[in-house]
Amino acid sequence: MAVTGLVLVIFLLFHMFGNLKILISVEDFNHYAGFLRTILNPILPGDTFLWMFRCVLLLCVVLHIWSAARVTKQDYKGKGGRGRYSIKKSLSPDNTYAARTMIWSGIIIVLFVIMHLLQFTIAPAAFGNPHDGPDGRAGMVFTAFGNWIFIVIYVIAMAAICLHVSHGFWSAFATLGANVSGLTRKVLRACSLLVGAVIFFGFLVPPFLIFFGVIN
Amino acid sequence: MKINLRIWRQHNGKEQGRLVQYSLDGVSGDMSFLEMLDLLNEQLTEKGEDPVAFDSDCREGICGQCGVVINGVPHGGQGVAQPVRTTTCQLHMRSFADGSTITIEPWKAAAFPVLRDLIVDRSALDRVIEAGGYISVNTGAAPDAHAVQINKKRSDRAFDAATCIGCGACVAACPNGSAMLFTSAKITHLAMLPQGQPERVLRVKRMVGEQDALGFGGCTNIGECAAVCPKGIPLESISQLNRDLIASLFKHDGKDD
Ligand code: HEM
Ligand code: SF4
Ligand code: FES
(Lines give C-alpha, C1' and ligand atoms only; values in the text may rest on other atoms or scores of the structure.)
(Ligands and ions follow the chains in the order given, each with its own letter.)
Protein backbone atom coordinates (compact mmCIF):
# COMPACT_ATOMS: atom_id res chain seq x y z
CA MET A 1 0.00 0.00 0.00
CA ALA A 2 2.64 2.51 1.08
CA VAL A 3 5.25 1.63 -1.56
CA THR A 4 2.83 1.43 -4.48
CA GLY A 5 1.10 4.62 -3.33
CA LEU A 6 4.39 6.52 -3.23
CA VAL A 7 5.33 5.26 -6.72
CA LEU A 8 1.99 6.61 -7.95
CA VAL A 9 2.59 9.96 -6.23
CA ILE A 10 6.00 10.28 -7.92
CA PHE A 11 4.43 9.41 -11.26
CA LEU A 12 1.72 12.02 -10.73
CA LEU A 13 4.29 14.72 -9.98
CA PHE A 14 6.23 13.99 -13.20
CA HIS A 15 2.99 13.81 -15.17
CA MET A 16 2.02 17.21 -13.79
CA PHE A 17 5.32 18.88 -14.64
CA GLY A 18 5.00 17.42 -18.14
CA ASN A 19 1.52 18.87 -18.58
CA LEU A 20 2.71 22.31 -17.54
CA LYS A 21 4.81 22.37 -20.73
CA ILE A 22 1.65 23.36 -22.56
CA LEU A 23 2.05 26.75 -20.88
CA ILE A 24 5.30 27.26 -22.76
CA SER A 25 4.10 26.40 -26.24
CA VAL A 26 2.27 23.83 -28.32
CA GLU A 27 5.56 22.78 -29.93
CA ASP A 28 7.13 22.26 -26.55
CA PHE A 29 4.23 20.10 -25.38
CA ASN A 30 4.21 18.02 -28.54
CA HIS A 31 7.95 17.60 -28.30
CA TYR A 32 7.53 16.35 -24.73
CA ALA A 33 4.64 14.01 -25.68
CA GLY A 34 6.82 12.65 -28.49
CA PHE A 35 9.81 12.32 -26.17
CA LEU A 36 7.77 10.04 -23.87
CA ARG A 37 7.61 7.57 -26.75
CA THR A 38 11.34 7.61 -27.42
CA ILE A 39 12.92 7.60 -23.94
CA LEU A 40 16.17 5.57 -23.73
CA ASN A 41 15.94 5.27 -27.46
CA PRO A 42 19.29 4.25 -28.78
CA ILE A 43 19.45 1.61 -26.02
CA LEU A 44 15.87 0.38 -26.33
CA PRO A 45 14.02 0.44 -29.67
CA GLY A 46 10.94 2.65 -30.28
CA ASP A 47 8.49 2.94 -27.41
CA THR A 48 9.81 -0.08 -25.43
CA PHE A 49 10.55 2.06 -22.40
CA LEU A 50 7.06 3.55 -22.50
CA TRP A 51 5.58 0.06 -22.38
CA MET A 52 7.86 -1.07 -19.57
CA PHE A 53 6.87 2.04 -17.68
CA ARG A 54 3.18 1.37 -18.30
CA CYS A 55 3.55 -2.21 -17.03
CA VAL A 56 5.20 -1.08 -13.79
CA LEU A 57 2.55 1.57 -13.27
CA LEU A 58 -0.25 -0.90 -13.95
CA LEU A 59 1.31 -3.35 -11.51
CA CYS A 60 1.41 -0.63 -8.85
CA VAL A 61 -2.21 0.28 -9.48
CA VAL A 62 -3.32 -3.36 -9.28
CA LEU A 63 -1.32 -4.02 -6.09
CA HIS A 64 -2.53 -0.75 -4.57
CA ILE A 65 -6.18 -1.58 -5.23
CA TRP A 66 -5.69 -5.14 -4.00
CA SER A 67 -4.19 -3.98 -0.70
CA ALA A 68 -6.83 -1.25 -0.43
CA ALA A 69 -9.55 -3.90 -0.69
CA ARG A 70 -7.82 -6.07 1.89
CA VAL A 71 -7.18 -3.33 4.41
CA THR A 72 -10.68 -1.89 4.02
CA LYS A 73 -12.22 -5.30 4.68
CA GLN A 74 -9.94 -6.01 7.65
CA ASP A 75 -10.66 -2.60 9.19
CA TYR A 76 -14.42 -2.86 8.68
CA LYS A 77 -14.39 -6.24 10.41
CA GLY A 78 -11.96 -5.06 13.09
CA LYS A 79 -14.20 -2.28 14.37
CA GLY A 80 -17.05 -4.79 14.57
CA GLY A 81 -19.06 -3.71 11.52
CA ARG A 82 -21.59 -0.92 11.23
CA GLY A 83 -23.16 1.12 14.00
CA ARG A 84 -20.54 1.20 16.72
CA TYR A 85 -20.82 3.91 19.38
CA SER A 86 -23.82 6.17 19.80
CA ILE A 87 -21.35 9.06 20.22
CA LYS A 88 -17.70 9.08 19.18
CA LYS A 89 -15.44 12.10 19.49
CA SER A 90 -12.48 12.68 17.18
CA LEU A 91 -9.49 13.89 19.20
CA SER A 92 -6.51 13.29 16.95
CA PRO A 93 -5.20 16.03 14.62
CA ASP A 94 -4.44 13.23 12.15
CA ASN A 95 -8.07 12.07 12.06
CA THR A 96 -8.89 14.22 9.04
CA TYR A 97 -11.76 14.08 6.57
CA ALA A 98 -9.22 12.90 3.99
CA ALA A 99 -8.07 10.05 6.24
CA ARG A 100 -11.60 8.82 6.87
CA THR A 101 -12.58 8.84 3.20
CA MET A 102 -9.51 7.21 1.59
CA ILE A 103 -11.55 4.42 0.03
CA TRP A 104 -14.08 6.86 -1.48
CA SER A 105 -11.48 9.24 -2.88
CA GLY A 106 -9.77 6.09 -4.19
CA ILE A 107 -12.91 4.93 -5.99
CA ILE A 108 -13.42 8.36 -7.57
CA ILE A 109 -9.79 8.20 -8.73
CA VAL A 110 -10.27 4.75 -10.36
CA LEU A 111 -13.31 5.98 -12.29
CA PHE A 112 -11.48 9.12 -13.31
CA VAL A 113 -8.36 7.27 -14.45
CA ILE A 114 -10.47 5.01 -16.67
CA MET A 115 -12.17 8.01 -18.28
CA HIS A 116 -8.91 9.89 -18.60
CA LEU A 117 -7.16 7.03 -20.38
CA LEU A 118 -10.08 6.52 -22.78
CA GLN A 119 -10.13 10.24 -23.49
CA PHE A 120 -6.45 10.86 -24.19
CA THR A 121 -4.85 7.48 -24.89
CA ILE A 122 -7.18 4.67 -25.89
CA ALA A 123 -10.06 6.22 -27.79
CA PRO A 124 -9.56 9.98 -28.22
CA ALA A 125 -11.65 9.97 -31.39
CA ALA A 126 -14.69 8.78 -29.45
CA PHE A 127 -14.38 11.90 -27.31
CA GLY A 128 -14.33 14.06 -30.41
CA ASN A 129 -10.66 14.96 -30.09
CA PRO A 130 -8.46 13.01 -32.51
CA HIS A 131 -4.76 13.42 -31.82
CA ASP A 132 -3.68 13.77 -35.44
CA GLY A 133 -5.07 17.26 -36.04
CA PRO A 134 -2.88 20.24 -37.01
CA ASP A 135 -1.91 20.87 -33.35
CA GLY A 136 -0.95 17.24 -32.70
CA ARG A 137 -1.36 15.94 -29.15
CA ALA A 138 -1.81 19.42 -27.76
CA GLY A 139 -4.82 19.74 -30.07
CA MET A 140 -6.82 17.11 -28.24
CA VAL A 141 -6.12 18.81 -24.93
CA PHE A 142 -7.46 22.09 -26.34
CA THR A 143 -10.64 20.40 -27.62
CA ALA A 144 -11.25 18.66 -24.28
CA PHE A 145 -10.84 21.69 -22.06
CA GLY A 146 -12.89 23.97 -24.28
CA ASN A 147 -15.80 22.02 -22.80
CA TRP A 148 -16.94 23.03 -19.29
CA ILE A 149 -18.15 19.51 -18.49
CA PHE A 150 -14.56 18.29 -18.55
CA ILE A 151 -13.47 21.20 -16.41
CA VAL A 152 -16.01 20.14 -13.77
CA ILE A 153 -14.99 16.48 -13.97
CA TYR A 154 -11.31 17.37 -13.64
CA VAL A 155 -11.89 19.65 -10.66
CA ILE A 156 -13.78 16.87 -8.84
CA ALA A 157 -11.15 14.27 -9.70
CA MET A 158 -8.24 16.50 -8.68
CA ALA A 159 -9.98 17.33 -5.40
CA ALA A 160 -10.27 13.58 -4.74
CA ILE A 161 -6.60 13.01 -5.57
CA CYS A 162 -5.58 16.00 -3.45
CA LEU A 163 -7.48 14.59 -0.44
CA HIS A 164 -6.16 11.07 -1.04
CA VAL A 165 -2.57 12.24 -1.21
CA SER A 166 -2.87 14.70 1.66
CA HIS A 167 -3.40 11.74 4.00
CA GLY A 168 -1.73 9.02 1.94
CA PHE A 169 1.66 10.69 1.60
CA TRP A 170 2.36 11.13 5.32
CA SER A 171 0.61 7.85 6.14
CA ALA A 172 2.89 5.98 3.74
CA PHE A 173 5.96 7.43 5.44
CA ALA A 174 4.58 6.47 8.86
CA THR A 175 3.87 2.93 7.60
CA LEU A 176 7.46 2.73 6.36
CA GLY A 177 8.69 3.72 9.82
CA ALA A 178 9.58 7.39 9.29
CA ASN A 179 7.30 8.80 11.99
CA VAL A 180 10.09 8.99 14.54
CA SER A 181 8.93 11.89 16.73
CA GLY A 182 6.19 14.45 17.23
CA LEU A 183 8.18 17.03 15.29
CA THR A 184 8.85 14.62 12.42
CA ARG A 185 5.15 13.95 12.28
CA LYS A 186 4.40 17.66 11.90
CA VAL A 187 6.94 17.94 9.08
CA LEU A 188 5.57 14.85 7.31
CA ARG A 189 2.01 16.12 7.56
CA ALA A 190 2.99 19.54 6.24
CA CYS A 191 4.79 17.92 3.28
CA SER A 192 1.72 15.78 2.68
CA LEU A 193 -0.57 18.81 2.48
CA LEU A 194 1.93 20.58 0.25
CA VAL A 195 2.16 17.65 -2.20
CA GLY A 196 -1.66 17.43 -2.27
CA ALA A 197 -1.96 21.16 -3.01
CA VAL A 198 0.80 21.12 -5.66
CA ILE A 199 -0.97 18.25 -7.45
CA PHE A 200 -4.33 20.01 -7.25
CA PHE A 201 -3.17 23.34 -8.63
CA GLY A 202 -0.49 21.94 -10.92
CA PHE A 203 -2.95 19.77 -12.81
CA LEU A 204 -5.73 22.35 -12.94
CA VAL A 205 -3.75 25.35 -14.19
CA PRO A 206 -3.58 24.23 -17.86
CA PRO A 207 -7.29 23.25 -18.16
CA PHE A 208 -8.42 26.59 -16.70
CA LEU A 209 -6.07 28.66 -18.83
CA ILE A 210 -7.30 26.81 -21.91
CA PHE A 211 -10.95 27.21 -20.94
CA PHE A 212 -10.62 30.96 -20.48
CA GLY A 213 -8.64 31.23 -23.69
CA VAL A 214 -5.45 32.52 -22.05
CA ILE A 215 -3.49 29.96 -24.05
CA ASN A 216 -4.65 28.69 -27.42
CA MET B 1 -24.73 17.22 42.13
CA LYS B 2 -27.23 15.53 39.86
CA ILE B 3 -26.19 13.55 36.79
CA ASN B 4 -28.20 12.04 33.94
CA LEU B 5 -26.82 8.79 32.65
CA ARG B 6 -27.30 6.84 29.44
CA ILE B 7 -25.72 3.45 30.01
CA TRP B 8 -25.24 0.53 27.64
CA ARG B 9 -27.12 -2.49 29.00
CA GLN B 10 -26.55 -5.88 27.43
CA HIS B 11 -27.37 -9.14 29.15
CA ASN B 12 -24.80 -11.30 27.42
CA GLY B 13 -22.77 -11.58 24.26
CA LYS B 14 -25.67 -12.87 22.20
CA GLU B 15 -28.32 -10.34 23.14
CA GLN B 16 -28.57 -6.95 21.42
CA GLY B 17 -27.55 -4.13 23.73
CA ARG B 18 -29.26 -0.75 24.15
CA LEU B 19 -28.81 2.52 25.99
CA VAL B 20 -30.88 2.92 29.17
CA GLN B 21 -31.45 6.26 30.94
CA TYR B 22 -30.93 6.78 34.65
CA SER B 23 -30.79 9.88 36.78
CA LEU B 24 -28.57 9.95 39.81
CA ASP B 25 -28.76 12.39 42.71
CA GLY B 26 -26.23 13.01 45.48
CA VAL B 27 -23.09 12.68 43.37
CA SER B 28 -20.09 14.48 44.88
CA GLY B 29 -17.29 16.00 42.81
CA ASP B 30 -14.75 14.05 44.85
CA MET B 31 -16.18 10.72 43.76
CA SER B 32 -14.29 8.82 41.10
CA PHE B 33 -16.24 7.77 38.05
CA LEU B 34 -16.43 4.22 39.37
CA GLU B 35 -17.66 5.37 42.77
CA MET B 36 -20.43 7.20 40.93
CA LEU B 37 -21.34 3.89 39.26
CA ASP B 38 -21.16 2.16 42.67
CA LEU B 39 -23.69 4.69 43.95
CA LEU B 40 -25.98 4.01 41.00
CA ASN B 41 -25.68 0.25 41.57
CA GLU B 42 -26.57 0.59 45.27
CA GLN B 43 -29.74 2.42 44.29
CA LEU B 44 -30.56 -0.09 41.54
CA THR B 45 -30.03 -3.00 43.94
CA GLU B 46 -32.28 -1.38 46.54
CA LYS B 47 -34.98 -1.05 43.90
CA GLY B 48 -34.49 -4.72 43.01
CA GLU B 49 -33.09 -3.93 39.55
CA ASP B 50 -30.02 -5.49 37.95
CA PRO B 51 -26.88 -3.47 38.79
CA VAL B 52 -24.72 -2.24 35.91
CA ALA B 53 -21.84 -4.67 35.38
CA PHE B 54 -18.46 -2.96 34.98
CA ASP B 55 -14.87 -4.06 35.50
CA SER B 56 -12.40 -2.70 38.02
CA ASP B 57 -9.54 -3.87 40.15
CA CYS B 58 -6.84 -1.47 41.37
CA ARG B 59 -8.87 1.75 41.12
CA GLU B 60 -5.59 3.62 40.97
CA GLY B 61 -4.94 3.66 37.26
CA ILE B 62 -2.44 0.83 36.98
CA CYS B 63 -4.26 -2.42 36.23
CA GLY B 64 -6.10 -1.48 33.04
CA GLN B 65 -9.37 -3.20 33.95
CA CYS B 66 -11.80 -0.35 34.20
CA GLY B 67 -12.04 1.27 30.77
CA VAL B 68 -15.39 2.40 29.37
CA VAL B 69 -16.27 4.89 26.65
CA ILE B 70 -17.53 8.09 28.26
CA ASN B 71 -19.30 10.59 26.01
CA GLY B 72 -17.58 9.11 22.98
CA VAL B 73 -14.08 9.11 24.52
CA PRO B 74 -12.41 5.94 25.82
CA HIS B 75 -11.70 6.52 29.55
CA GLY B 76 -13.39 9.92 29.18
CA GLY B 77 -10.53 12.04 30.46
CA GLN B 78 -9.71 13.64 27.11
CA GLY B 79 -13.33 14.62 26.49
CA VAL B 80 -14.00 16.79 29.56
CA ALA B 81 -13.59 20.57 29.88
CA GLN B 82 -10.16 20.29 31.52
CA PRO B 83 -8.67 17.18 29.94
CA VAL B 84 -6.92 14.67 32.17
CA ARG B 85 -4.82 11.84 30.78
CA THR B 86 -5.97 8.98 32.96
CA THR B 87 -8.05 5.86 33.33
CA THR B 88 -11.77 5.74 34.08
CA CYS B 89 -11.14 4.92 37.74
CA GLN B 90 -8.97 8.03 38.17
CA LEU B 91 -11.42 10.37 36.46
CA HIS B 92 -13.36 12.37 39.03
CA MET B 93 -16.91 13.63 38.91
CA ARG B 94 -15.68 17.21 39.39
CA SER B 95 -14.73 17.02 35.71
CA PHE B 96 -18.45 17.04 34.85
CA ALA B 97 -20.94 19.86 35.29
CA ASP B 98 -23.94 19.54 37.58
CA GLY B 99 -26.95 18.33 35.61
CA SER B 100 -24.92 17.05 32.67
CA THR B 101 -25.81 13.95 30.69
CA ILE B 102 -23.15 11.25 30.45
CA THR B 103 -23.27 8.44 27.92
CA ILE B 104 -21.37 5.29 28.92
CA GLU B 105 -20.66 2.47 26.48
CA PRO B 106 -18.32 -0.52 26.59
CA TRP B 107 -15.20 -0.86 24.37
CA LYS B 108 -16.51 -1.90 20.96
CA ALA B 109 -14.26 -3.87 18.64
CA ALA B 110 -14.47 -7.23 16.91
CA ALA B 111 -11.68 -8.65 19.08
CA PHE B 112 -13.34 -7.48 22.34
CA PRO B 113 -16.70 -9.29 22.65
CA VAL B 114 -19.07 -7.74 25.20
CA LEU B 115 -19.63 -10.11 28.14
CA ARG B 116 -22.21 -8.05 30.00
CA ASP B 117 -23.14 -4.34 30.11
CA LEU B 118 -19.82 -2.48 30.24
CA ILE B 119 -17.57 -5.53 30.59
CA VAL B 120 -15.73 -6.79 27.55
CA ASP B 121 -13.37 -9.72 27.10
CA ARG B 122 -9.91 -8.17 26.53
CA SER B 123 -8.02 -11.47 26.58
CA ALA B 124 -7.13 -11.03 22.89
CA LEU B 125 -4.45 -8.61 24.16
CA ASP B 126 -3.02 -11.43 26.31
CA ARG B 127 -2.86 -13.64 23.21
CA VAL B 128 -0.82 -10.95 21.46
CA ILE B 129 1.61 -10.80 24.39
CA GLU B 130 1.86 -14.61 24.52
CA ALA B 131 2.84 -14.58 20.86
CA GLY B 132 6.12 -12.79 21.63
CA GLY B 133 5.86 -10.01 24.19
CA TYR B 134 8.42 -11.55 26.53
CA ILE B 135 12.12 -12.33 26.82
CA SER B 136 13.64 -15.71 27.66
CA VAL B 137 16.28 -15.66 30.41
CA ASN B 138 17.81 -18.27 32.65
CA THR B 139 16.88 -17.92 36.28
CA GLY B 140 19.61 -17.97 38.90
CA ALA B 141 21.64 -15.40 40.78
CA ALA B 142 20.78 -11.81 39.93
CA PRO B 143 23.31 -10.42 37.42
CA ASP B 144 25.65 -7.59 38.38
CA ALA B 145 23.85 -4.26 38.13
CA HIS B 146 26.42 -2.89 35.67
CA ALA B 147 27.01 -6.05 33.69
CA VAL B 148 24.69 -5.02 30.87
CA GLN B 149 25.08 -1.45 29.70
CA ILE B 150 22.43 0.68 28.06
CA ASN B 151 22.29 4.33 27.16
CA LYS B 152 19.99 6.61 29.10
CA LYS B 153 17.75 7.64 26.19
CA ARG B 154 17.07 4.04 25.23
CA SER B 155 16.32 3.00 28.78
CA ASP B 156 13.95 5.97 29.13
CA ARG B 157 12.14 5.01 25.94
CA ALA B 158 11.90 1.40 27.09
CA PHE B 159 10.56 2.51 30.44
CA ASP B 160 7.97 4.86 28.92
CA ALA B 161 6.76 2.17 26.54
CA ALA B 162 6.59 -0.32 29.40
CA THR B 163 3.99 1.82 31.17
CA CYS B 164 1.26 0.44 28.89
CA ILE B 165 -1.31 -1.17 31.17
CA GLY B 166 -3.12 -3.16 28.48
CA CYS B 167 -6.39 -1.34 29.02
CA GLY B 168 -7.43 -1.53 25.37
CA ALA B 169 -8.51 2.12 25.06
CA CYS B 170 -6.41 2.37 21.91
CA VAL B 171 -8.43 -0.42 20.28
CA ALA B 172 -11.70 1.15 21.43
CA ALA B 173 -10.73 4.55 20.01
CA CYS B 174 -9.39 3.30 16.68
CA PRO B 175 -11.89 3.58 13.81
CA ASN B 176 -10.50 0.23 12.60
CA GLY B 177 -10.39 -1.54 15.97
CA SER B 178 -6.62 -1.92 15.57
CA ALA B 179 -4.31 -2.89 18.46
CA MET B 180 -1.20 -1.41 16.87
CA LEU B 181 -0.49 1.07 19.70
CA PHE B 182 -0.69 -1.66 22.31
CA THR B 183 1.48 -4.07 20.33
CA SER B 184 3.97 -1.37 19.36
CA ALA B 185 4.35 -0.34 23.01
CA LYS B 186 5.58 -3.85 23.86
CA ILE B 187 7.73 -4.03 20.71
CA THR B 188 9.34 -0.66 21.56
CA HIS B 189 9.81 -1.60 25.21
CA LEU B 190 11.74 -4.78 24.43
CA ALA B 191 13.46 -3.50 21.27
CA MET B 192 15.21 -0.77 23.29
CA LEU B 193 16.71 -3.19 25.82
CA PRO B 194 19.75 -5.44 25.37
CA GLN B 195 17.75 -8.30 26.87
CA GLY B 196 15.14 -7.95 24.13
CA GLN B 197 17.55 -8.41 21.21
CA PRO B 198 17.79 -12.22 20.81
CA GLU B 199 14.07 -12.58 20.13
CA ARG B 200 13.53 -9.20 18.48
CA VAL B 201 12.99 -10.38 14.90
CA LEU B 202 10.69 -13.28 15.71
CA ARG B 203 8.80 -11.20 18.25
CA VAL B 204 7.59 -8.60 15.78
CA LYS B 205 6.65 -11.20 13.17
CA ARG B 206 4.68 -13.29 15.64
CA MET B 207 2.95 -10.49 17.51
CA VAL B 208 1.79 -8.78 14.32
CA GLY B 209 0.67 -12.14 12.87
CA GLU B 210 -1.28 -12.95 16.03
CA GLN B 211 -2.90 -9.53 16.03
CA ASP B 212 -4.21 -10.01 12.51
CA ALA B 213 -5.35 -13.57 13.24
CA LEU B 214 -7.37 -12.39 16.25
CA GLY B 215 -9.45 -10.05 14.10
CA PHE B 216 -8.00 -6.66 15.04
CA GLY B 217 -8.12 -4.07 12.27
CA GLY B 218 -5.07 -2.56 10.58
CA CYS B 219 -3.41 0.79 11.26
CA THR B 220 -4.20 3.65 8.86
CA ASN B 221 -2.32 6.29 10.88
CA ILE B 222 -5.34 8.11 12.29
CA GLY B 223 -3.88 8.70 15.76
CA GLU B 224 -7.05 8.33 17.85
CA CYS B 225 -5.25 5.65 19.92
CA ALA B 226 -2.45 7.90 21.15
CA ALA B 227 -4.95 10.70 21.79
CA VAL B 228 -6.80 8.65 24.42
CA CYS B 229 -4.03 6.44 25.82
CA PRO B 230 -4.02 7.00 29.61
CA LYS B 231 -0.26 6.38 29.70
CA GLY B 232 0.66 8.67 26.84
CA ILE B 233 2.17 5.94 24.64
CA PRO B 234 3.16 8.01 21.58
CA LEU B 235 2.11 7.36 17.99
CA GLU B 236 5.82 7.07 17.08
CA SER B 237 5.83 3.63 18.72
CA ILE B 238 3.87 2.33 15.73
CA SER B 239 6.61 3.48 13.37
CA GLN B 240 9.12 1.66 15.59
CA LEU B 241 7.06 -1.50 15.12
CA ASN B 242 6.92 -0.89 11.36
CA ARG B 243 10.69 -0.42 11.16
CA ASP B 244 11.25 -3.68 13.04
CA LEU B 245 8.68 -5.46 10.88
CA ILE B 246 10.24 -4.24 7.63
CA ALA B 247 13.73 -5.21 8.87
CA SER B 248 12.41 -8.65 9.89
CA LEU B 249 11.40 -9.36 6.29
CA PHE B 250 15.11 -9.49 5.44
CA LYS B 251 15.99 -11.85 8.31
CA HIS B 252 16.05 -15.61 8.34
CA ASP B 253 14.34 -15.96 11.75
CA GLY B 254 11.00 -17.70 11.52
CA LYS B 255 11.68 -19.25 8.09
CA ASP B 256 11.83 -23.08 7.82
CA ASP B 257 15.07 -23.04 5.80
C1 HEM C 1 -6.68 3.67 -8.23
C2 HEM C 1 -7.52 3.98 -7.29
C3 HEM C 1 -7.11 4.06 -5.84
C4 HEM C 1 -7.72 3.40 -4.80
C5 HEM C 1 -8.92 2.48 -4.90
C6 HEM C 1 -7.00 3.74 -3.61
C7 HEM C 1 -7.35 3.33 -2.33
C8 HEM C 1 -6.56 3.51 -1.21
C9 HEM C 1 -6.87 3.05 0.12
C10 HEM C 1 -8.17 2.35 0.54
C11 HEM C 1 -5.82 3.38 0.92
C12 HEM C 1 -5.64 3.03 2.41
C13 HEM C 1 -6.28 4.04 3.24
C14 HEM C 1 -5.63 4.36 4.54
O15 HEM C 1 -4.40 4.14 4.71
O16 HEM C 1 -6.38 4.89 5.34
C17 HEM C 1 -4.86 4.08 0.12
C18 HEM C 1 -3.66 4.57 0.58
C19 HEM C 1 -2.76 5.32 -0.17
N20 HEM C 1 -2.93 5.73 -1.49
FE21 HEM C 1 -4.42 5.14 -2.70
N22 HEM C 1 -5.96 4.56 -3.92
C23 HEM C 1 -5.99 4.79 -5.29
C24 HEM C 1 -5.15 5.61 -6.04
C25 HEM C 1 -4.05 6.25 -5.54
C26 HEM C 1 -3.22 7.16 -6.29
C27 HEM C 1 -3.45 7.58 -7.76
C28 HEM C 1 -2.22 7.53 -5.48
C29 HEM C 1 -1.08 8.45 -5.80
C30 HEM C 1 -1.23 9.69 -5.87
C31 HEM C 1 -2.41 6.90 -4.19
C32 HEM C 1 -1.60 7.06 -3.09
C33 HEM C 1 -1.82 6.46 -1.85
C34 HEM C 1 -0.90 6.50 -0.76
C35 HEM C 1 0.46 7.19 -0.72
C36 HEM C 1 -1.48 5.77 0.30
C37 HEM C 1 -0.94 5.54 1.73
C38 HEM C 1 -0.35 4.22 1.97
C39 HEM C 1 -0.14 3.91 3.46
O40 HEM C 1 -0.66 4.57 4.33
O41 HEM C 1 0.57 2.94 3.72
N42 HEM C 1 -3.54 6.12 -4.25
N43 HEM C 1 -5.33 4.13 -1.19
S1 SF4 D 1 -1.23 1.63 24.58
FE2 SF4 D 1 -2.28 2.99 26.06
S3 SF4 D 1 -4.46 2.79 25.47
FE4 SF4 D 1 -3.41 1.05 24.54
S5 SF4 D 1 -3.56 -0.64 26.01
FE6 SF4 D 1 -1.61 0.41 26.46
S7 SF4 D 1 -2.13 1.93 28.03
FE8 SF4 D 1 -4.10 1.28 27.14
S1 FES E 1 -9.33 -0.09 37.96
FE2 FES E 1 -7.20 -0.47 37.58
S3 FES E 1 -6.76 1.00 36.06
FE4 FES E 1 -8.79 1.52 36.61
Side-chain angles (χ1 to χ4, degrees), chain A residues 1-3 5 67-106 164 166-189 192, chain B residues 6 8 17-19 69-74 76 78-79 83 101-114 171-180 211-212 214-228 234-247:
Chain A
M1 183 109 277
V3 174
S67 12
R70 255 187 58 149
V71 84
T72 305
K73 192 170 146 220
Q74 184 192 358
D75 295 353
Y76 181 77
K77 278 195 180 158
K79 72 173 171 181
R82 280 184 148 276
R84 203 176 171 199
Y85 299 111
S86 67
I87 319 175
K88 181 70 173 65
K89 273 208 193 95
S90 295
L91 296 167
S92 163
D94 307 322
N95 189 357
T96 54
Y97 178 76
R100 289 190 295 270
T101 54
M102 287 299 273
I103 187 67
W104 301 112
S105 51
H164 201 82
S166 72
H167 174 69
F169 191 76
W170 106 264
S171 177
F173 277 98
T175 303
L176 295 174
N179 173 23
V180 289
S181 71
L183 179 64
T184 318
R185 184 156 62 247
K186 286 209 182 80
V187 173
L188 286 176
R189 290 199 52 218
S192 207
Chain B
R6 294 166 71 225
W8 185 264
R18 67 204 169 89
L19 285 167
V69 178
I70 300 167
N71 289 337
V73 178
Q78 298 296 317
T101 299
I102 305 176
T103 303
I104 314 173
E105 293 178 83
W107 285 176
K108 289 185 187 171
F112 289 169
V114 174
V171 181
C174 176
N176 311 325
S178 170
M180 278 291 256
Q211 211 186 216
D212 289 348
L214 286 164
F216 288 106
C219 175
T220 54
N221 301 305
I222 301 283
E224 286 297 328
C225 50
V228 300
L235 201 56
E236 296 89 277
S237 321
I238 297 180
S239 264
Q240 175 71 53
L241 179 152
N242 285 331
R243 286 196 296 280
D244 278 23
L245 187 64
I246 293 168

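Sequence lines set the chain letters: A, B, ... in the order given, protein chains first and strands last, and positions in each chain run from 1. None of the values given here were measured: they were computed from a predicted structure.
With a threshold of 4.5 angstrom between heavy atoms, B/A172 approaches chain A through its backbone and through its side chain. For B/P106, the part sitting under 4.5 Å from any heavy atom of chain A is the backbone (N, CA, C, O) and nothing else. With a 4.5 Å cut-off on non-hydrogen atoms, B/C174 touches chain A through its backbone but not through its side chain. For B/A173, the parts lying under 4.5 angstrom from a heavy atom of chain A are both the backbone and the side chain. The parts of B/L235 that come within reach of chain A are both its backbone and its side chain, each placing non-hydrogen atoms under 4.5 angstrom from that chain. Looking at B/V228, the atoms closer than 4.5 Å to chain A (heavy atoms on both sides) all sit in the side chain, from C-beta outward. Both the backbone and the side chain of B/Q78 come within contact range of chain A, with heavy atoms under 4.5 Å apart. Using a 4.5 Å cut-off between heavy atoms, A/R185 touches chain B through its side chain atoms alone. Of the atoms belonging to A/S90, heavy atoms from both backbone and side chain fall under 4.5 Å from chain B.
The shortest heavy-atom contact between A/Y85 and B/K108 is OH-N, 2.9 Å. Heavy-atom minimum distance, B/G218 versus A/D75: N-OD1, 2.6 Å. Shortest non-hydrogen contact noted between A/T175 and B/I246 is O-CD1, 4.0 Å. In terms of heavy atoms, B/E224 sits closest to A/S92 at OE2-N, 3.0 Å. Nearest approach of A/H167 to B/N221, heavy atoms of both residues: CE1-O, 3.4 Å. A pairwise comparison of heavy atoms in A/R84 and B/G177 identifies NH2-CA, 4.2 Å as the closest pair.
Between chain B and the options A/K88, A/R70, A/K77, the largest number of non-hydrogen pairs under 4.5 Å is found for A/K88. Contact count versus chain B (heavy atoms, under 4.5 Å) is highest, among A/A178, A/G80, A/A174, A/P93, for A/A174. Note on B/P74, B/G215, B/G79, B/P175: by heavy-atom pairs under 4.5 Å with chain A, the leading option is B/P175.
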task: Run the numbers on A/N179 and B/E236 for side chain to side chain contact (heavy atoms under 4.5 Å, CB included), then give the verdict.
output: CA-CA 6 Å; A/N179 173 23; B/E236 296 89 277; 4.1 Å; yes
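No donor-acceptor distance shorter than 3.5 angstrom exists from the side chain of A/K89 to the backbone of B/V73, with no hydrogens or angles considered. A donor-acceptor pair under 3.5 Å is absent between the side-chain atoms of A/R100 and the main chain of B/I222, judged by distance alone.
Distance check: B/I104 CD1 to A/I87 CD1 gives 10.5 Å after rounding to the nearest 0.5 Å. The OG1 atom of B/T220 sits 11.5 Å away from atom CD1 of A/I103, with the distance rounded to the nearest 0.5 Å.
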